[in-house]
Amino acid sequence: MKINFIPIDYNYFDFQGRNYARIVGRTDKGKRVCLIDTCDVYFWAILKDGLKDKKIESICKKIERIKVSGKTRDSRVLKTEVHEKNFLSKKVKAVKVFITNYKDAHAIVNEIGFKEVEKRRGYDLGFITKYIIERKLKPLNWYSIDGELLGNEDIGGIANLDVDLCLRVENINEIEKEEFVPKVLAYDIETDEFEIGKGNIVLISLVGKNFKKVLSWKKDSKKPYVEKCKDEADMLEKFINYVKEYGPDILAGYFSDGFDLPYLRARAEYNGIKLNLGLDNSQPTFTRGNTRTGKINGIIHIDLFRFIRNVYSQYLQSETLSLNEVASEFLGEKKIEWEHNHSSKLDNAKWEDYFEYNLHDSLLTYRLYEKIWPDMIEFTKIVQEPLFDISRSTMASQVEDYLIHNLERFNEIAEKRPIYDEIGRRRAEGKYEGAYVFQPIPGLYEDIAFFDFTSMYGSIIVSFNLSRSTLLEKKEKGSVEVELDKKVYFSKKKGFFAEMLEEIIEKRKQYKKEYTKNPSGLLKARSNAFKLLANAAYGYQGFFGARYYCIEAAAGTAALARKEIKKTIENIENEGYKVIYGDTDSISFLRGKKSKKQVLDLLKKINSKLPGIMELDLEGFFKRGIWVTKRTGDFGAKKKYALIDEDNKIKIRGFETVRRDWCKLARDTQNKVLEFILEDGNDKRAKKYLEKIINKIKNREVDLKDLIIKTQLKKPIEEYKSISPHVTIAKRMKEEGLPVNIGMLIEYYIANIDKKRSLVRERAKMIGDNDKYDVDYYLNKQILPSVENILEVFDVNTKELVEGKKQMKLGEF
DNA sequence: GTTCGAGTCGTACC
DNA sequence: ACGGGTACGACTCGAAC
């Protein structure tokens, strides 16, 4: 029979010793379908140069005789073929070794240690990756599938699979169809204890399209969406039933890999219930290791937190990746305020709030899912790994997967993943010199122009062909020379890495253009995905875990970036402009008396001379900007500046205002001071404002919540060599039985106690402690440092401002 | 006991 | 272990006085 089908979830199983893929997806009529399919399993034995055909033939014969016997199955080589391939852009002869089971690839590879075999590759790719490459059944694309209807045969457990239809695949044809809209259920749980499985699960909420539900067992409610269950066990069973009834393609949570799903699993176990959410009635499985991952057979479990952290975090303003902040940034909507309490301490009114709070979390999760679904589907289609993996992959692995799925076009054999020793070696190579940062001269400037290179590092990799496969052992005709510790050379002939990256950058440009003409969430996501891939390509080559790691390419990229930006700065100065700052790929300079048109002409002129696909762009014109002195030393601080554009929009970089480890008061004060100075061009309003704040502190009129300092605990308490205030507080919290986890923001303030003691940590207090705040500390260690260097530009001595007032105050007594 | 420079740590920029 | 280097600045630590 023939169906239109979109693959969603990929799995594999063994049947009679062979590997099969089991793909769950939907038809265009919304039916849930399972496909059973298989593909050739093989790896490559790359031969040494110059072997005679006869020799090669005998090697193939030898390989074909290999058999390995294991505990559960015997495996053998099925056949061999000799192919002309490329490996790291070099032409090679390679034996394609077909085997019975991919899990035995390593064992068979170990039998091929012949001296004529130079390298063995392609045995460390996952079966599903191999399957997608071989059969070209790419996730979240539409296909017309010819297949044989599977009835009662129990192959791969399909007999117990909750789907409408099972097919054994015969033919696959890609087709065009409208965007797929999956069925999605968002969920969230409330518990009495934070530690997984320790306390009861009190509430479970579910939100889908036209569906909302809160399951409760401790308390009933008149709210229509609240359903009372007998006990925790009953609630868990109802949860399972609702999921099964709704039949989602995707079950989405926020931090659910690390909390909700393992908690559900633990409580199910405690209550003697099987959490059989899988389409095959299996329970969720969790990968071991530092980051737990929860998988449900047939349904994609997505932890939105992980996708946002891996793909988006560097582009977000949020200071933490909590659901509250992330939802607020993406959706403009916050969580309902709620103080966590043990359920036994709630009165009736509070319970009603609790239901609402719990439901709202699922609602936010659902909306967040809707918001970033276009990005997830685009990443999946571009990178071509299953959605489950895409939603959890780091950017380095997205880049690598993109490469792997596109190697065939270059007839390339995949490089192997580095093993433990290799990673150690790479890490020992140490750092290389990175970006160039221009030393600014402190001051307030008017009429500033700001240029930046578009995808600078990516465009350098493309323009100079910097990659592992193009790195030469010695100079060649036309090769690119880069001066590092030693000189390194890259081939003139374009390698696949630069080719693919060029395509990525090209597509980014194309879709960005299409988007501006015809805005849609999809086009935006598509252009964005290409942009993120392009930006991650540089980091990938310098990443010790990368298959195509190349420290020379990474260091070379940085070196050429330094060279190009310095050259451009010189060009701008030669045209009579004064450059005041630059960092990595950006340059700001004073427009002076010249018109905007003249600046744009200069841009054009520079662009006409840039190498390869490199491009300089106008970031904007700013009417005013400020650069300040370093706190230690008397020269300009790098990575700290503030600008105001012609619409009075302010852009602040590096200042305490944007640092979460400063108290709110200091940040707000600095922000105001910068704002007043940039708007007015003088310090009058700023000074007045500062005086007001100083008085407020001295008179103890400041709310304690504005004085809280938040610092992240980055590792286990015992591992700290230097015990800073936040570590002291974390220790205390642990002693008091409060939850302390790595990654948590530790909150404290500095109190007016033990003034003789010199260490700040001895005066650090937790919120709720009844000590008064330390006026001196907040004046001299928070407010003053945050504004000192800014007002110094106007020769204002802030110290006198602080102390002068203090004396006046003393005089009043 | 105080002083000061080195080292640790967290967070930002690009 | 799960992109890279550059930079700032607070705070602690410990040697030197």
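Per chain, numbering begins at 1; letters A, B, ... match sequence-line order.
Distances were taken from every side-chain heavy atom of A:T711 (C-beta onward) to each of B:dT11, C:dT6, C:dC11; the shortest belongs to B:dT11. Closest approach to the A:K638 side chain among C:dC8, C:dT12, B:dC9 is made by C:dC8 (side chain taken as heavy atoms from C-beta onward). Closest approach to the A:A637 side chain among C:dC8, B:dC14, C:dG4 is made by C:dC8 (side chain taken as heavy atoms from C-beta onward). Listed nucleotides: C:dG9, B:dG10, C:dC13. Nearest to the side chain of A:Q712: B:dG10. For A:F543, taking side-chain heavy atoms from C-beta onward, the closest of the listed nucleotides C:dG4, B:dC9, C:dG9 is C:dG4. When the nucleotides B:dC13, C:dG3, C:dA7 are ranked by their closest atom to the side chain of A:V437, C:dA7 comes out on top. The nucleotide whose nearest atom lies closest to any side-chain atom of A:H726 is, among C:dG3, B:dG10, B:dC14, B:dG10. Of the candidates C:dC13, C:dC11, C:dT6, C:dT6 carries the atom nearest the A:K431 side chain, counting heavy atoms from C-beta on. Here the side chain of A:D585 is nearest to one of B:dT11, B:dC14, C:dT12, namely B:dC14. When each of C:dC2, C:dA1, C:dC11 is scored by its nearest atom to the side-chain atoms of A:T394, the top-ranked nucleotide is C:dC2.
Using a 4.0 Å heavy-atom distance criterion, A:G654 is classed as a sugar-phosphate-only contact. Using a 4.0 Å heavy-atom criterion, one finds that A:Y432 contacts the sugar-phosphate atoms exclusively. Using a 4.0 Å heavy-atom distance criterion, A:Q541 is classed as making no nucleic acid contact. Note on A:F655: nothing from the nucleic acid sits closer than 4.0 angstrom, heavy atoms only.
For the OP1/OP2 pair of C:dA10 and a distance below 4.0 Å, the side-chain nitrogens and oxygens of A:Y777 include no atom meeting the criterion. Residue A:R761 places at least one side-chain N or O under 4.0 Å from the OP1 or OP2 atom of C:dC13. In this model, the phosphate group of B:dC13 is not approached by any side-chain N or O of A:Y315 to a distance below 4.0 Å at OP1 or OP2. Contact check, A:K710 against B:dT11: no side-chain N or O comes under 4.0 Å of OP1 or OP2. Within the structure, every side-chain polar atom (N or O) of A:Y720 is placed at least 4.0 Å from both OP1 and OP2 of B:dG7. Checking the phosphate oxygens (OP1, OP2) of B:dC9, no side-chain nitrogen or oxygen of A:K714 falls inside 4.0 Å. Contact annotation: A:R660 does not reach the phosphate of B:dG10 (side-chain N/O to OP1 or OP2, under 4.0 Å). Distances shown here put every side-chain N or O of A:K639 at or beyond 4.0 Å from the OP1 or OP2 atom of C:dG9.
A cation-pi contact links A:R392 to A:F388, judged by a cut-off of 6.0 Å to the six-membered ring centre and 45° from its axis. Taking the ring centre of A:Y436 as origin, the terminal cationic atom of A:K563 falls outside the region bounded by 6.0 Å and 45° from the ring axis. Relative to the six-membered ring of A:F622, A:K651 misses at least one condition, a distance below 6.0 Å or an angle of at most 45° to the axis. Both tests do not hold together for A:K765 against A:Y748: distance to the six-membered ring centre under 6.0 Å, angle to the ring axis within 45°.
Atom CD of A:E792 sits about 8.0 Å away from atom OG1 of A:T798, to the nearest 0.5 Å. Here the CG-CG distance, from A:L444 to A:L678, works out to 7.0 Å after rounding to the nearest 0.5 Å.
Side-chain N/O atoms of A:R659 and base N/O atoms of B:dT11 include a donor-acceptor pair closer than 3.5 Å.
Rounded to a whole Å, the CD atom of A:Q670 is 15 Å from the C1' atom of C:dA10. Atom CD in A:E656 sits about 18 Å away from atom P in C:dA7, given to the nearest Å.
In terms of position on DNA chain C, the residue among A:G636 and A:G434 whose nearest nucleotide sits closer to the 5' end is A:G434.
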